[in-house]
Amino acid sequence: MRGWTTKTIGELCDAGGGKVQTGPFGSQLHESDYAETGTPVVMPKNILSGQIEEEGIARVSEAHVFRLRRHKLAKGDIVYGRRGDIGRQALIREEYVGWLCGTGCLRITLGKAQVSPQFLHQYLQVSDVIRWIENQAIGATMLNLNTNILRRIPVTFPVDFQTQFAITGLLSGYDALIENNRRRISLLEKLAEDIYREWFIRFRFPGHEHVETFKGLPNDWEVKKLGGILTLLYGKALRDEDRVPGGVPVYGSSGVVGMHNEALVAEPGLIVGRKGNVGSVYWSDTGFFPIDTVYFVQSKLPNEYVYFLLRSMNFINNDSAVPGLNRGQAYSNQLLLPPVPLIKQFAEIVAPQFAMKKSLALQNTKLIEARDKLLPRLLSGKLAVEGLNIQSPPDIGGELNSRPVGAAYA
């Protein structure tokens with residue numbers, strides 16, 4: 001293919017003065033080192049849909065940042081999760097600079113390579129590339145990546161930087177729309193959660209002034225165990241030979257990990273992480289397939305209430321080797337249950353927010369489908385972009401537009 005070439009990530013990094021590096025080992029960064037405030041530490045669970053999710057992210061003090069300074073993330077780095085969903089990676093943008101690459105992650109620094117970080121970030125999302133990485137990954141029960149595997153990934157790219165940025169500029173337009181919808185979804189969820197906290201945590205629900213209390217707690221609320229209001233059912237292992245692509249989301253403890261052609265749970269519902277990302281809680285607007293690293297939830301109470309209730313609970317890891325959530329111990333958690341009419345009133349009030357979330361999620365599904373059809377064609381050169389008037393991505397375009405064509409990215 002004229003004007004295109006293929007090199008491995010290792011070759012690109014070596015020529016550009018970059019590197020492929022493992023995050024700190026567990027012996028260098030302990031759970032006891034984390035604090036409520038400080039510099040964020042990016043773990044695999046924080047890498048979602050090509051972005052870094054800051055909510056619930058671990059943080060460390062400046063003393064630990066200095067000690068682990070070789071793991072500080074720079075603009076243009078690509079951070080990868082090492083275990084489980086090994087296709088998960090994110091591009092480090094300006095707002096993440098100075099954060100730490102955490103335990104369980106790998107980091108690609110291109111330096112002055114022949115390919116831009118934005119192009120490589122998009123390229124690594126191509127399904128054929130992800131399959132290649134999966135075939136190279138090691139581990140019988142949980143796939144693992146290492147620096148050698150990442151260094152061997154072959155990357156086919158146009159040698160002309162302007163062509164690279166014409167391609168990534170077009171794809172970034174889709175990504176911007178998708179990310180804007182995700183932010184709107186997050187804001188809608190926060191609005192509903194604020195109402196939940198106001199009513200059920202701070203006890204400022206409608207009519208609270210007229211309710212009798214004892215030691216600040218409403219008299220007509222009941223102390224219950226979690227097992228008394230819901231059931232956690234085991235997901236089902238989905239073997240490689242059974243993974244038939246379709247329109248049904250497959251949920252693992254990190255969220256949606258693929259699509260299948262058949263739903264194990266026919267109705268919309270809730271999912272709780274059982275192995276790995278313990279206690280993670282997800283809402284599915286459609287039927288879904290929960291795999292064996294999660295529980296799915298059954299309850300007579302409205303999903304809107306149960307969702308925020310589960311998110312507010314402090315589930316305990318019961319397994320020192322692989323984090324795990326014991327169902328019996330989860331059931332033993334106590335809670336203060338409000339009257340059912342108040343729960344139903346809450347569900348009715350937040351229903352419009354959840355309906356809007358569903359609509360935005362559907363928009364994103366269509367945008368992602370359109371982008372993913374373009375992705376392999378653009379990144380393989382089958383769809384030419386020469387002559388298209390496409391601006392470079394705003395966060396790095398200014399730097400490149402001032403350079404000669406073919407200049408390396410710094």
Side-chain angles (χ1 to χ4, degrees), residues 9 20-31 33-34 38-60 64 68 70-74 77-93 95-96 99-109 117 120-121 124-125 129-131 133-134 136-151 153 182 235 249-258 271-282 290-294 315 317 319-325:
I9 287 179
V20 181
Q21 179 180 310
T22 303
F25 295 108
S27 58
Q28 296 174 290
L29 188 58
H30 304 90
E31 190 171 349
D33 295 330
Y34 300 137
T39 298
V41 182
V42 179
M43 304 292 192
K45 68 179 182 180
N46 306 122
I47 305 170
L48 301 172
S49 304
Q51 306 286 332
I52 294 177
E53 177 58 58
E54 190 172 353
E55 183 180 353
I57 199 167
R59 297 174 183 270
V60 294
H64 292 299
L68 299 170
R70 69 186 294 266
H71 298 290
K72 290 177 73 171
L73 296 169
D77 283 352
I78 293 173
V79 62
Y80 248 103
R82 281 201 294 128
R83 305 183 190 94
D85 181 10
I86 58 174
R88 186 187 304 186
Q89 51 91 13
L91 179 68
I92 300 303
R93 306 182 189 278
E95 58 265 37
Y96 310 137
W99 293 13
L100 290 177
C101 178
T103 302
C105 286
L106 298 165
R107 168 191 178 193
I108 301 172
T109 301
L120 181 59
H121 168 61
L124 292 170
Q125 297 178 51
V129 177
I130 294 173
R131 278 194 292 272
I133 298 171
E134 288 175 342
Q136 304 298 312
I138 56 177
T141 57
M142 182 177 289
L143 295 179
N144 283 263
L145 286 180
N146 56 41
T147 56
N148 289 332
I149 294 172
L150 286 189
R151 285 181 58 85
I153 298 174
R182 285 185 179 134
V250 177
Y251 277 88
S253 64
S254 59
V256 177
V257 295
I271 303 97
V272 178
R274 184 176 74 87
K275 287 287 185 182
N277 195 5
V278 171
S280 54
V281 182
Y282 304 101
I291 60 174
D292 54 346
T293 60
V294 301
F315 290 113
N317 170 26
D319 193 331
S320 58
V322 178
L325 177 62

Validation row: [X], [Y] side chains within 4.5 angstrom (heavy atoms):
X: Val250; Y: Val256; answer: no
X: Ile291; Y: Tyr251; answer: no
X: Val20; Y: Asn148; answer: no
X: Gln21; Y: Leu106; answer: no
X: Arg93; Y: Leu91; answer: yes
X: Val41; Y: Cys101; answer: no
X: Thr22; Y: Arg82; answer: yes

Exercise for the section: Would you tell me whether Ser254 and Asn277 have side-chain atoms, one donor and one acceptor, within less than 3.5 Å of each other? Expected result: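 Checked: Ser254/Asn277 side chains show no N/O donor-acceptor pair below 3.5 Å.
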Ignoring hydrogens and geometry, is there a side-chain-to-backbone donor-acceptor pair from [X] to [Y] under 3.5 Å?
X: Arg107; Y: Leu100; result: no
X: Thr39; Y: Trp99; result: no
X: Gln136; Y: Ile133; result: no
X: Tyr282; Y: Ser253; result: yes
X: Gln125; Y: His121; result: yes
X: Arg88; Y: Tyr80; result: no

Problem - Among Ile78, Leu120, Leu150, the one residue meeting side-chain contact (heavy atoms from CB on, under 4.5 Å) with Gln89 - result: Ile78
Shortest non-hydrogen contact from [X] toward [Y]:
X: Val79; Y: Cys105; value: CG2-CB, 3.9 Å
X: Ala137; Y: Leu145; value: CB-CD2, 4.4 Å
X: Leu29; Y: Pro24; value: CD2-CG, 4.2 Å
X: Leu325; Y: Gly273; value: CD2-O, 3.7 Å
X: Gly279; Y: Val272; value: CA-CG1, 4.2 Å
X: Asp33; Y: His64; value: OD1-CE1, 3.4 Å

Exercise for the section: Can you measure from CD1 (Ile9) to OG1 (Thr147) and round to the nearest 0.5 angstrom? Expected result: 11.5 Å
Handout entry: Asn46 side, atom CG; Ile52 side, atom CD1 - distance, nearest 0.5 Å
Key = 7.5 Å
Practice task
Carefully, step by step, assess Ile271 and Val281 under the rule side chain to side chain contact (heavy atoms under 4.5 Å, CB included).
Solution key: CA-CA 6 Å; Ile271 303 97; Val281 182; over 6 Å; no
Practice task
Please assess Glu53 against Arg182 for the test salt bridge (charged side-chain N to carboxylate O under 4.0 Å, His left out), listing each intermediate value before the final yes or no.
Solution key: CA-CA 11 Å; Glu53 177 58 58; Arg182 285 185 179 134; over 6 Å; no
